[in-house]
Amino acid sequence: QRGKFPGKLNVSSNRRLKSTFVYKLYNLHVGVSASKAQLKLHSCIIHKMGTLLKEVWKTLFSLLILVNASHQASFSSSSSESPISRLSVTSHITLRYAQTEVESLVKNPSNSAREVEFSMFLPDSAFISFFSMTINDEEQVAKVMEKKEAVEKFNNAKQLGIGAGLVSQNERDSNKFSISTNIEGGHKVVFKLKYEELLERRNGQYEHAININPEGIVEDLKVEVFINESLPISSLSVPELKHTNELDFARSSESKEAKVTQKEGSSEAHILYAPDKKVQRAAGESGVSGQFLVRYDVDRKGQDNEVQVIDGYFVHFFAPENLKRLPKHTVFVLDISGSMQGEKIVQLKDAMFTILDDMTEEDFFSIIVFSSRVQTWSSYELENLDKDSLTEPVVIQATEHNKKIAINYVNNLNEGGGTNINDAMLMGIELADMATKEELLPSNTKSMIIFLTDGQPTSGERNGQNIRQNVKDRNTNKIPIFGLAFGRDSDFSLMKEISREADS
């Protein structure tokens, strides 16, 4: 098939499975031609193009699909969702590069038009490569328009009762793909979404995550993952659905519903997850919901690296084992504002126990707590104190005794007050710089900042852009900043940008 959208987006394909994408974004032209095999090789060009498009898409564009219906129908303002009859997710992973296709069938059994929303949370590193909507057996492929024009055409189509879909980007949920769709009475619509991502190796394994949230019982629900690697698969795990983003340090049990097919020593595997209605109802009124995870690694046969070459392109994998652990100085910046009460403060304490307990005597740490005010913690009970110093130490060696004193302090923290993110960030950077400048650390020890918060700034500087600029101006030594924001009230985008600008 072939679809043309003059000046906006051209997508063409033929039986040889060759694809060409040419995007024209105002005065910006980006073009690339690649085969499917090259895409599977994690072509850096494709990956960077996808990242660029994703960023431009966030701020400038919405996708619009207008369906030329054969007749008009009156529009109903009913916001009730049409039932999802089929939801199919298929992922093909080759050479640690995943291509995922989502297909959803939604019906409107009523006599009047209804508006429904199809949404999908994508992994942070993923980019969309295809989207279409099929009504009356006619597939319409999405095209790119300026946001204002797209909204106007979508609203006009709704008023006329014509099937239409508008893809928008929610700044708060920057990785959420959603489309509001007007379905005529007695009709059905099939959504097709394809996204791609390069899997990164963390903690000795690759992880592929698929977000499932049909918000109801689905007659035909299926998730399939096909793995085809160049080396034998050494480990493969499919845990139970992850239902929340809560910090959980316990090992997850294996999924009872997922069927894994893999021959010992093989480089291929097949995972099928197809819960029937009984299993879905047992999960709750909204059916199954959460992250479907596949974790695996390959047998490198004692070699730390691997090179793959296909069609003139190559990719070089590095996965060195038994690397020497580098000593570190970790500055913990902990939010103890009023909004942290309840389970959040418990999670913070659990996280601190786990991290501190894992440190060795070669490591150092500092603790800053903040609400409306910011303060640095220390104690005369700590060992290895400088007897000539009149002040308590703020850079603390991670001995067993000192870790015990610190954990006891954290466990007795109480929440209250506002959220002064700006001053807390600046204090963390100042402390890390001071530790290096005053030679409080061994020469081979590097500092980093771990910032934990659950809210938006409510005290001190409250403008996110100003906070971001203040941190950037102060962090001249590019100290890595790792932000952990949790809860719906958190400013995720602010944490991401601060970490990115610190090259974390």
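Predicted model, so just to flag it, every value in this text is computed and none were measured.
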Quick check for you: to the nearest 0.5 Å, what is the distance between Lys472 atom NZ and Ile481 atom CD1? 12.5 Å

Return the set of residues passing salt bridge (charged side-chain N to carboxylate O under 4.0 Å, His left out) with Glu207 (not counting sequence neighbours), or none when no residue passes. Arg295

Could you state the interatomic distance from OG (Ser125) to CD (Glu197), rounded to the nearest 0.5 Å? 4.5 Å

Measuring only between side-chain heavy atoms, which start at C-beta, is His329 closer than 4.5 Å to Val395? yes

One pair to check against side-chain hydrogen bond (donor to acceptor under 3.5 Å, both in side chains): Ser129 and Glu196. What are the steps and the verdict? CA-CA 7 Å; Ser129 56; Glu196 307 178 28; 3.0 Å; yes

Determine whether Glu362 and Thr445 make a side-chain contact, defined as any pair of heavy atoms from C-beta on separated by less than 4.5 Å. no

Would you check if the side chain of Arg462 reaches a backbone N or O of Thr458 as a donor-acceptor pair within less than 3.5 Å? yes

Is a side-chain donor or acceptor of Lys478 paired with a backbone partner of Glu501 at a separation under 3.5 angstrom? yes

Would you check, one step at a time, whether the test side chain to side chain contact (heavy atoms under 4.5 Å, CB included) holds for Phe451 with Ile498? CA-CA 11 Å; Phe451 192 93; Ile498 288 176; over 6 Å; no

Heavy-atom nearest pair, Asn463 first then Asn466, reads OD1-N, 2.9 Å

Start with the C-alpha distance between Asn444 and Leu326, add both sets of side-chain angles, then the distance that settles side chain to side chain contact (heavy atoms under 4.5 Å, CB included), and finish with yes or no. CA-CA 8 Å; Asn444 63 336; Leu326 298 177; over 6 Å; no

Kindly say whether Asn408 contributes a backbone atom to a donor-acceptor pair with the side chain of Asn412 at under 3.5 angstrom? yes

Judged by atom type as modelled, is there a donor-acceptor pair below 3.5 Å linking the side chain of His208 to the main-chain atoms of Val225? no

Side-chain heavy-atom pair Arg114, Ile183 within 4.5 angstrom cut-off: no

May I ask you to test the Thr360-Arg325 pair for a side-chain heavy-atom distance under 4.5 Å? yes

Any salt bridge linking Lys344 with Asp335? Criterion: basic side-chain nitrogen under 4.0 Å from a carboxylate oxygen. no

Given Phe370 and Val333, is the side chain to side chain contact (heavy atoms under 4.5 Å, CB included) satisfied, shown in steps? CA-CA 7 Å; Phe370 74 97; Val333 184; 3.8 Å; yes

Would you indicate whether the side-chain heavy atoms of Thr100 and Val89 approach each other to under 4.5 Å? yes

What one should report as the nearest heavy-atom pair of Met448 and Ile479 is CA-CG2, 4.0 Å

Is the shortest side-chain heavy-atom distance between Ser337 and Asp454 below 4.5 Å? yes

For residues 404-415, which residue pairs qualify under salt bridge (Lys or Arg N to Asp or Glu O under 4.0 Å), counting only residues two or more places apart or in two chains? none

Ile355: what forms a side-chain contact (heavy atoms from CB on, under 4.5 Å) with it, not counting sequence neighbours? Phe332

Distance-only, no hydrogens or angles: does the Gln280 side chain make a donor-acceptor pair with backbone N or O of Pro275 under 3.5 Å? yes

Is Arg201 atom CZ crowded by more than 12 heavy atoms from other residues, nucleotides or ligands, each under 6.0 Å away? yes

Ring pair (Phe, Tyr, Trp, His ring centres under 6.0 Å) filter on Tyr409, not counting sequence neighbours, yields Trp377

Under the 3.5 angstrom rule, does the side chain of Lys349 hit a backbone N or O of Asn411 as a donor-acceptor pair? yes

Exercise: do Gln99 and Ser91 side chains pair donor with acceptor under 3.5 Å: no

Residue that, paired with Leu334, satisfies side-chain contact (heavy atoms from CB on, under 4.5 Å) out of Ile450, Leu348, Ile368, Thr453: Leu348

Distance check, rounded to the nearest 0.5 Å: Leu356 atom CG versus Ile405 atom CD1? 12.0 Å

Please determine whether the number of non-hydrogen atoms from other residues, nucleotides or ligands lying under 6.0 Å from atom CG of Asn203 exceeds 12. no

Rounded to the nearest 0.5 Å, how far does CD of Glu200 lie from CG of Asp124? 10.0 Å

Show the numbers, then the answer: is there a side chain to side chain contact (heavy atoms under 4.5 Å, CB included) between Tyr195 and Phe130? CA-CA 7 Å; Tyr195 63 89; Phe130 178 84; over 6 Å; no

Using side-chain contact (heavy atoms from CB on, under 4.5 Å) as the criterion, list what pairs up with Ala398, not counting sequence neighbours. Met359, Asp363, Phe365, Lys403

Which heavy atom of Ser499 sits nearest a heavy atom of Phe482, and at what distance? OG-CA, 4.0 Å

Mark yes or no for whether Asn213, through its side chain, and Ser289, through its backbone, hold a donor-acceptor pair below 3.5 Å. no

Please name the pair of heavy atoms, one in Ser372 and one in Gly418, separated by the smallest distance, quoted to 0.1 Å. OG-N, 2.8 Å

Using a 3.5 Å distance criterion without hydrogens, assess whether the side chain of Thr419 forms a donor-acceptor pair with backbone atoms of Pro457. no

Counting N and O atoms only, with roles assigned by atom type, does the side chain of Asn108 sit under 3.5 Å from a partner on the main chain of Ser112, one being a donor and the other an acceptor? yes

Got Glu361 and Gln397 here, is their nearest side-chain heavy-atom distance under 4.5 Å? yes

Nearest 0.5 Å please: distance from the CG atom of Asp297 over to the CD atom of Gln205. 7.5 Å

Below 3.5 Å, can you tabulate the donor-acceptor pairs from side chains in residues 422-442 to any protein atom, sequence neighbours excluded?
from	atom 1	to	atom 2	distance (Å)
Asn422	OD1	Asn470	ND2	3.0
Asp423	OD2	Asn420	ND2	3.0
Asp433	OD1	Asn477	ND2	3.0
Asp433	OD2	Arg474	NH1	3.0

For the atom pair OG (Ser447) and NZ (Lys328), what is the distance rounded to the nearest 0.5 Å? 12.0 Å

Compare every heavy atom of Gly464 with every heavy atom of Leu494, then report the nearest pair and how far apart it is. CD1-O, 3.4 Å

Does the side chain of Tyr296 reach to within under 4.5 Å of the side chain of Leu199, using non-hydrogen atoms? yes

Measure centre to centre between the rings of Tyr273 and Phe292, then say whether the value is under 6.0 Å. yes

Give the minimum heavy-atom separation between Glu461 and Ile467, together with the two atoms involved. O-CD1, 3.4 Å

